[in-house]
Protein chains: 2
Amino acid sequence: MITLSSYLCGTWQAGSGAPTSLFNPTTGEAIAEASSRGLDLAAACEHARTVGGPALRALTFAERGQLLKRLAAALHEHREELLDLSQQNGGNTRGDAKFDVDGATGTLAAYAHFSKELPDATTLADGEGIQIGRTARWWGQHVMTPKLGVAVHINAFNFPGWGMFEKLACAILAGMPVISKPGTQTALPAHRMAQIAVESGILPEGSFQFLCGSAGDLLDHLGPQDVVAFTGSAWTGAIIRGNANLVKNNVHVNVEADSLNAVVVGADLDLGSDTFGDFLAFTSKEMTQKTGQKCTAARRIFVPSDLLDEVVPELVAALERIVVGDPTDGGTGMGPVTSASQLQELREGIDALAAAGTIATGGSEPVGDKGWFLRPTLVVANDPDDAIFHEKELFGPVAVVLPYDASKGPEEAARLANKGGGSLLGAIYCDDGEWAKACALGMAPWHGRVWVDSARAKGQAMPPGMVLPSMIHGGPGRAGGGQELGGLRGLEDYLQRTAIQGFGGWVKAEFGAPEPVEAS
Amino acid sequence: MITLSSYLCGTWQAGSGAPTSLFNPTTGEAIAEASSRGLDLAAACEHARTVGGPALRALTFAERGQLLKRLAAALHEHREELLDLSQQNGGNTRGDAKFDVDGATGTLAAYAHFSKELPDATTLADGEGIQIGRTARWWGQHVMTPKLGVAVHINAFNFPGWGMFEKLACAILAGMPVISKPGTQTALPAHRMAQIAVESGILPEGSFQFLCGSAGDLLDHLGPQDVVAFTGSAWTGAIIRGNANLVKNNVHVNVEADSLNAVVVGADLDLGSDTFGDFLAFTSKEMTQKTGQKCTAARRIFVPSDLLDEVVPELVAALERIVVGDPTDGGTGMGPVTSASQLQELREGIDALAAAGTIATGGSEPVGDKGWFLRPTLVVANDPDDAIFHEKELFGPVAVVLPYDASKGPEEAARLANKGGGSLLGAIYCDDGEWAKACALGMAPWHGRVWVDSARAKGQAMPPGMVLPSMIHGGPGRAGGGQELGGLRGLEDYLQRTAIQGFGGWVKAEFGAPEPVEAS
């Protein structure tokens, strides 16, 4: 049994007391354990603030970008080992594991690339300077400086690698030290990545700490210059956002919660079209990649009522072609869910959905005699307005088909999609540009991202569930009301914006954006 | 006795039950009363969402900018009446009243001006488009669309006019309907301004509602598409931010709380200089304008120890020249505080500060036999690190002088200024550009705005306490962790950012920024 320890205050330390076990979800065997009990989290916060922060802030944005580039390379050297650990602890197929591990290194590399737009300076000019007096001798300039505290990152179990490093990339580039906590149940690859990061010596001491196990009283030690970024359930997100200490100190909290992402089949979509082909391929993939344990997974599929009888069998056929089994077998398309409790919740949830609809494929019966396997499951709703389908999220390979009245126009599809109460993603498959535009605009206020596939994009569309470093990830309401990534927007959580006012020449020279350098 | 009613759901309605009295703080006489008890606030929210929101969103950003311009003009027509009401209910000198009333019309006009940068469209492109596929045929664009809910604005008693319309300007321009609640005790001018706004017919029905009295259960009716912007005490701010319904629904909340703003006299400042002259004039003004009831008022004045004996008498002399009395008298420099409870809190607070320092002028004794008057009060701290001076905010004409050891460099002044735990404003008086830069950068992470006066800016500096529409207003930590204004940044609270992805030509044509029009 491997014991995973935490890297805090410059040393690896194991917690005391009864540890939490980590399992191989394919076999149900315990493979590691972790505990954070008794670890001095107040000291870790101070270590970040007094050692890591000053070291990072002594570097320029450009220099911090170089750290990310080197870190991406260091992690990539261990790719095979990390993929193995990811498969072992996460129940991931090799493709699923790549999605997480390569997502981590890719996002680090992307932020290293974005940093080329940043100055070789420790302060960032935000926008243009502004004349604020009667003459240009009295001048204003917004500047961004790193917050002086610690960035606490609390990640979800489904992306131990990507989740840790997409957050870290933004914080480190902004100049804030990080304490990163993975979801304990799948912490094995995160722990190894943390080891690699520490052993590489790339990040200044104190700028990266790793807490393996419960977050304990960590939030109680935070103050106004600290930041919390959380990814996980809406339920836990609300507990964090409402934490009395965070509220009292106006600690900035970013929440990215799971959501009931929408997929819309446009009215009059030709079922022989490439766009419908994409719908089948992408949707079956988005339901089953990472065994549906993905915050951007397809959950609610809106299909014009008059197409229902044709669409459902085709989607069922696509799902039934996916081989469920040991994810280390090359032919397997979908592995197990990551825990026994996850399986139990899903089984109960499928039964609840089935009571308000019809199971078209799959169901709540587990598969096999060991591990935590389910079949890809599709439920067809009796009534698309039934609240259960818009409120009950099953974090697994389960989606609902909801018929909608396409004669009411794209607004009807958007109205139903928006009943999710705020989602990370809405995907639209539609060859009518006007219809797609109206649907996209109708969904925009309730969705952090709207993805639209059409014949004109043939062969070009990237999968809808893929989160890109250059575009924001987050959504309103149920999805947490937060925002991550989005290129350099992702740094804003970690920077304080300050309006500087003073003598024009001085403000421009000391705080203005550098003059563009002529290409030589 | 005037009864102030609320404008909700298209009609003026008075609440039931025992009303709250509004007073003339100069005389202590009750002059009006208000109650919101029994008003249907759930219906008001729905009215905003179903009537006001759609009407506003049917207009383009440019058209909404025109509404603000017309509203500024409509209010300005009633300027004299509004100044009178402001003096009567707020205890304002005419100058104080102008600061509020002209601040309201000025901010509306400024946002009308800013709207010229916005497209004649209902959607806003955010940043450049981005190639996100292998070719430019797969493309991403961030867009901003108005949130579909209601913007609830809860304002402070000190700026009934400016507070209402600086928030309204941003929400209306963004496309969100407003329910505006003034601080009840000084609601008389706000109520009249609301009447003028309603009677003018400029804003579409449902896009502006006015709640006079307690906020009641208003927050319990809000959901994910709604926004709350609050200005007031840190204590109330924390209650709002921690409200269970707002937390559960991830309702966006912006808090602008009062803070212990810092003033720094730079090391080696020549006391015969223009910069020192500015320090005396601005600081005495910032302590006493609006009788110190200003979120940007000077609270903590950091003076090099070796200059203390010279600076304090000069500042005392400047303060003692200010005539305290009936604010409607032309010669009066400072009127009363706005309530009996405010006076009582200040008296107790002054005694508490005096126990840890020396009163240089003023004191806790009230002035006169009617109304709620105090003298401008300056306390010299025994120990600049004493927590009481950095934590106890007196919302009145009271400041503390804190000596600092200038031999330790500008970092020492910044360290002490930052002990305020997050402030809206830090003002620096310094003729040494390098020193000022180091002090400003040291203060930046803890201050929403840093204002620097120097000889080079002679005669140009605008007063530090003046909040400009073009620059952000807000600050970290104790100051609420929020941000208002800042030009078009001020609209972001009311817009949802959505990443649109799709076929390049379609995304660019439908969601990209319009091509710049050639000047003709």
Side-chain angles (χ1 to χ4, degrees), chain A residues 123 130 132-135 137-138 140 142-143 145-148 224-225 238 241-242 244 247-250 252 255 421-422 433 437 440-441 444-445 447-454 456-457 460-462 468 470-472 476-478 480-481 483 486 496-503 505-506 510, chain B residues 123 130 132-135 137-138 140 142-143 145-148 224-225 238 241-242 244 247-250 252 255 421-422 433 437 440-441 444-445 447-454 456-457 460-462 468 470-472 476-478 480-481 483 486 496-503 505-506 510:
Chain A
T123 305
I130 305 159
I132 55 173
R134 293 184 305 278
T135 73
R137 291 174 61 206
W138 192 245
H142 291 96
V143 301
T145 55
K147 293 182 185 173
L148 305 179
Q225 291 286 320
R241 201 185 276 291
V247 166
K248 178 181 151 230
N249 284 302
N250 289 307
H252 180 71
V255 173
K437 181 189 177 187
L441 281 176
H447 290 77
R449 189 155 61 87
V450 175
W451 177 103
V452 183
D453 192 16
S454 65
R456 296 167 75 193
Q460 301 288 321
M462 306 288 278
L468 300 172
S470 58
M471 306 217 80
I472 60 159
R478 185 193 169 96
Q483 178 187 297
Q496 171 66 38
R497 181 178 282 118
T498 303
I500 304 276
Q501 303 178 334
F503 174 68
W506 179 79
E510 304 292 5
Chain B
T123 304
I130 305 159
I132 54 173
R134 292 185 306 278
T135 74
R137 291 174 62 205
W138 192 244
H142 292 96
V143 301
T145 55
K147 292 181 183 173
L148 304 179
Q225 291 286 321
R241 201 185 278 291
V247 165
K248 178 180 151 233
N249 283 302
N250 289 307
H252 180 71
V255 173
K437 180 188 178 188
L441 282 176
H447 290 78
R449 189 156 61 86
V450 175
W451 177 103
V452 183
D453 193 16
S454 64
R456 296 167 75 193
Q460 300 287 321
M462 305 288 278
L468 300 173
S470 58
M471 306 218 81
I472 60 159
R478 184 192 170 96
Q483 178 186 298
Q496 171 66 39
R497 181 178 283 117
T498 303
I500 304 275
Q501 303 178 336
F503 174 67
W506 179 80
E510 302 292 5

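Here is the naming used below: chain letters follow the sequence lines, and residue numbers restart at 1 for every chain.
With respect to chain B, the highest number of heavy-atom pairs below 4.5 Å among Gly140(A), Ala440(A), Gly486(A), Gly448(A) belongs to Gly448(A). In terms of heavy-atom pairs under 4.5 angstrom with chain B, the leader among Gly242(A), Ala444(A), Gly133(A), Ala238(A) is Ala444(A). If you tally non-hydrogen atom pairs under 4.5 Å between each of Ile130(B), Asn250(B), Leu468(B) and chain A, the highest count goes to Asn250(B). No other option in Pro476(A), Gly481(A), Gly422(A) has as many heavy-atom pairs under 4.5 Å with chain B as Pro476(A). Chosen from Ser454(B), Ala461(B), Ala244(B), the residue pairing most often with chain A at heavy-atom distances under 4.5 Å is Ala461(B). Ranked by heavy-atom pairs under 4.5 Å with chain A, the first of Lys437(B), Gln225(B), Gln483(B) is Gln225(B). Counting heavy-atom pairs under 4.5 Å between each of Lys147(A), His447(A), Lys248(A) and chain B puts His447(A) at the top. Per-residue heavy-atom pair counts under 4.5 Å with chain B were compared for His252(A), Arg241(A), Met471(A), Arg478(A), and the maximum is reached by Met471(A). Interface summary for chain A: among Gly480(B), Gly502(B), Ala499(B), the most heavy-atom pairs under 4.5 angstrom belong to Ala499(B). For chain A, the option among Asn249(B), Thr135(B), Asp453(B) with the highest count of heavy-atom pairs below 4.5 Å is Thr135(B).
Residues Gly433(A) and Trp506(B) come closest through the heavy atom pair O-NE1, 3.2 Å. Residues Pro224(B) and Gly477(A) come closest through the heavy atom pair CB-CA, 3.4 Å. Nearest approach of Pro445(B) to Leu148(A), heavy atoms of both residues: CB-CG, 3.7 Å.
Residue Gln496(A) touches chain B through its side chain alone, counting heavy-atom pairs closer than 4.5 Å. When heavy atoms are compared at a cutoff of 4.5 Å, Ser470(A) approaches chain B by way of both its backbone and its side chain. Contact annotation for Thr123(B): only side-chain heavy atoms (C-beta onward) come within less than 4.5 Å of a heavy atom of chain A. At a 4.5 Å heavy-atom cutoff, the contact between Ile500(B) and chain A is made by backbone and side-chain atoms alike.
No donor-acceptor pair closer than 3.5 Å links the side chain of Gln501(A) to the backbone N or O of Arg449(B). Listed for the Arg137(A) side chain is a donor-acceptor partner under 3.5 Å among the backbone atoms of Arg456(B).
For the side-chain contact (heavy atoms from CB on, under 4.5 Å) criterion with Leu441(A), the lone passing option out of Thr498(B), Val143(B), Thr145(B) is Thr145(B).
Interatomic distance, CD1 of Ile132(B) versus CE of Met462(A), reported as 8.0 Å (0.5 Å rounding).
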